[in-house]
Amino acid sequence: MQRRKLTGFGVKPLFEVQWQFLYRWLYGVVEPISGQHFMSEFSHLDSLCFEEFLQTFSQDIILLFQPPYCPEINPIERVWQEFKRWLQWQHFDSIAELQQAISPWVPRLTPRQMRSLTPWD
């Protein structure tokens, strides 16, 4: 229970706040020329989830080297921008509501849409 703190006039009370956040992680890769893509939802971000993601999609897609620390040239970053634009100004009261919003969005992405989101000159 949080209560008021009494302080001297003009003195701002200090106290620690621990924000509680819940997340859904959407892992994804895209081949920009064909629009072929693969996405999976996970409840957390760790090496086990990432390894499972890599094993699952590597059966269908060949990986290409990307320089480290260059998200601006990673085609999936453009997809995430579109996804964030689609979710902007929406409020979710629970992680389940967020998942209900994410889950239908992923399969609706067609190769044509992916090609339009991820082209490079």
Side-chain angles (χ1 to χ4, degrees):
M1 176 182 214
Q2 187 174 355
R3 299 185 181 204
R4 295 179 150 211
K5 292 189 176 198
L6 298 175
T7 64
F9 181 75
V11 177
K12 184 177 181 178
L14 300 176
F15 56 93
E16 291 185 26
V17 175
Q18 178 64 44
W19 294 96
Q20 297 294 321
F21 294 100
L22 297 174
Y23 297 95
R24 286 300 293 170
W25 297 95
L26 189 59
Y27 293 55
V29 292
V30 63
E31 199 286 311
I33 295 172
S34 70
Q36 183 181 7
H37 60 283
F38 179 82
M39 294 185 189
S40 290
E41 293 179 57
F42 289 91
S43 61
H44 52 283
L45 177 67
D46 66 8
S47 59
L48 293 176
C49 290
F50 192 64
E51 184 178 335
E52 180 182 332
F53 172 75
L54 288 175
Q55 287 178 353
T56 305
F57 94 86
S58 65
Q59 298 167 4
D60 297 329
I61 299 175
I62 298 171
L63 294 175
L64 296 177
F65 173 75
Q66 292 268 332
Y69 309 109
C70 296
E72 67 277 0
I73 64 169
N74 188 345
I76 198 69
E77 293 297 332
R78 292 182 174 188
V79 177
W80 300 148
Q81 287 175 354
E82 181 66 22
F83 181 64
K84 290 175 186 176
R85 195 174 7 261
W86 179 72
L87 283 177
Q88 73 183 4
W89 303 111
Q90 293 188 41
H91 174 76
F92 303 100
D93 291 324
S94 69
I95 198 74
E97 286 183 19
L98 174 60
Q99 187 173 2
Q100 287 174 351
I102 292 172
S103 296
W105 186 80
V106 171
R108 286 195 317 225
L109 289 171
T110 65
R112 182 178 180 187
Q113 289 171 316
M114 294 301 261
R115 284 193 309 268
S116 72
L117 289 172
T118 60
W120 296 104
D121 295 337

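Note that the structure is a prediction, hence the values are computed from the model and not measured.
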So with a 6.0 Å cut-off around CG of Leu54, is the heavy-atom count from everything else above 12?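 Count over threshold, so yes.
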
Common cluster, Leu48/Phe50, ILVMFWY with side-chain heavy-atom separation under 4.5 Å: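 Different clusters: Leu48 never reaches Phe50 through Ile, Leu, Val, Met, Phe, Trp or Tyr contacts under 4.5 Å.
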
Using the rule that two of Ile, Leu, Val, Met, Phe, Trp, Tyr join whenever any of their side-chain heavy atoms come within less than 4.5 Å, decide whether Ile33 and Leu109 are in one cluster.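 No, Ile33 does not connect to Leu109 through the hydrophobic network.
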
Please check if the side chain of Ser103 supplies one atom and the backbone of Gln100 the other of a donor-acceptor pair under 3.5 Å.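 No; judged by distance alone, with no hydrogens or angles, the pair does not exist.
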
Look only at the side chain of Glu77 and the backbone of Asn74, and say whether a donor-acceptor pair between them is shorter than 3.5 Å.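 Looks like no, no N/O pair under 3.5 Å.
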
pair Thr56-Glu52: side-chain heavy atoms closer than 4.5 Å: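 SC-SC contact between Thr56 and Glu52 confirmed.
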
Name all residues meeting the side chain to side chain donor-acceptor pair (under 3.5 Å) criterion together with Glu82; count only those two or more places apart in sequence or in a different chain, and write none if there are none.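 Counting only residues at least two positions away or on another chain, Glu82 forms a side chain to side chain donor-acceptor pair (under 3.5 Å) with Arg85.
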
Who passes side chain to side chain donor-acceptor pair (under 3.5 Å) against Gln55, sequence neighbours left out?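 Testing Gln55 for side chain to side chain donor-acceptor pair (under 3.5 Å), a comparison that skips the adjacent residues, returns Glu51.
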
For Phe42, enumerate each residue passing the ring-ring contact (aromatic ring centres under 6.0 Å, His included) test, keeping only those at least two apart in sequence or located in another chain.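 Here the qualifying residues are Tyr27.
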
How would you list, by chain and number, every residue that makes a ring-ring contact (aromatic ring centres under 6.0 Å, His included) with Trp80, sequence neighbours excluded?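 Testing Trp80 for ring-ring contact (aromatic ring centres under 6.0 Å, His included), a comparison that skips the adjacent residues, returns none.
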
Atom pair [atom1] ([X]) and [atom2] ([Y]), whose distance is rounded to the nearest 0.5 Å:
X     : Y      : atom1 : atom2 : value
Gln36 : Met114 : CD    : CE    : 10.0 Å
Arg24 : Gln99  : CZ    : CD    : 3.5 Å
Met39 : Phe53  : CE    : CZ    : 8.5 Å

Pro111 and His37: which non-hydrogen atoms are nearest, and at how many Å?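 For Pro111 versus His37, the nearest heavy atoms are N-CE1, 4.2 Å.
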
My understanding is that only residues two or more places apart in sequence, or in another chain, count here; which of them pass side-chain contact (heavy atoms from CB on, under 4.5 Å) with Pro32?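 In terms of side-chain contact (heavy atoms from CB on, under 4.5 Å), with neighbours along the sequence ignored, Pro32 is linked to Pro75, Thr118.
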
Output all residues satisfying side-chain contact (heavy atoms from CB on, under 4.5 Å) with Trp86, sequence neighbours left out; order by chain, then residue number.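 If we apply the side-chain contact (heavy atoms from CB on, under 4.5 Å) test to Trp86, skipping adjacent residues, the hits are Phe83, Trp105, Arg108.
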
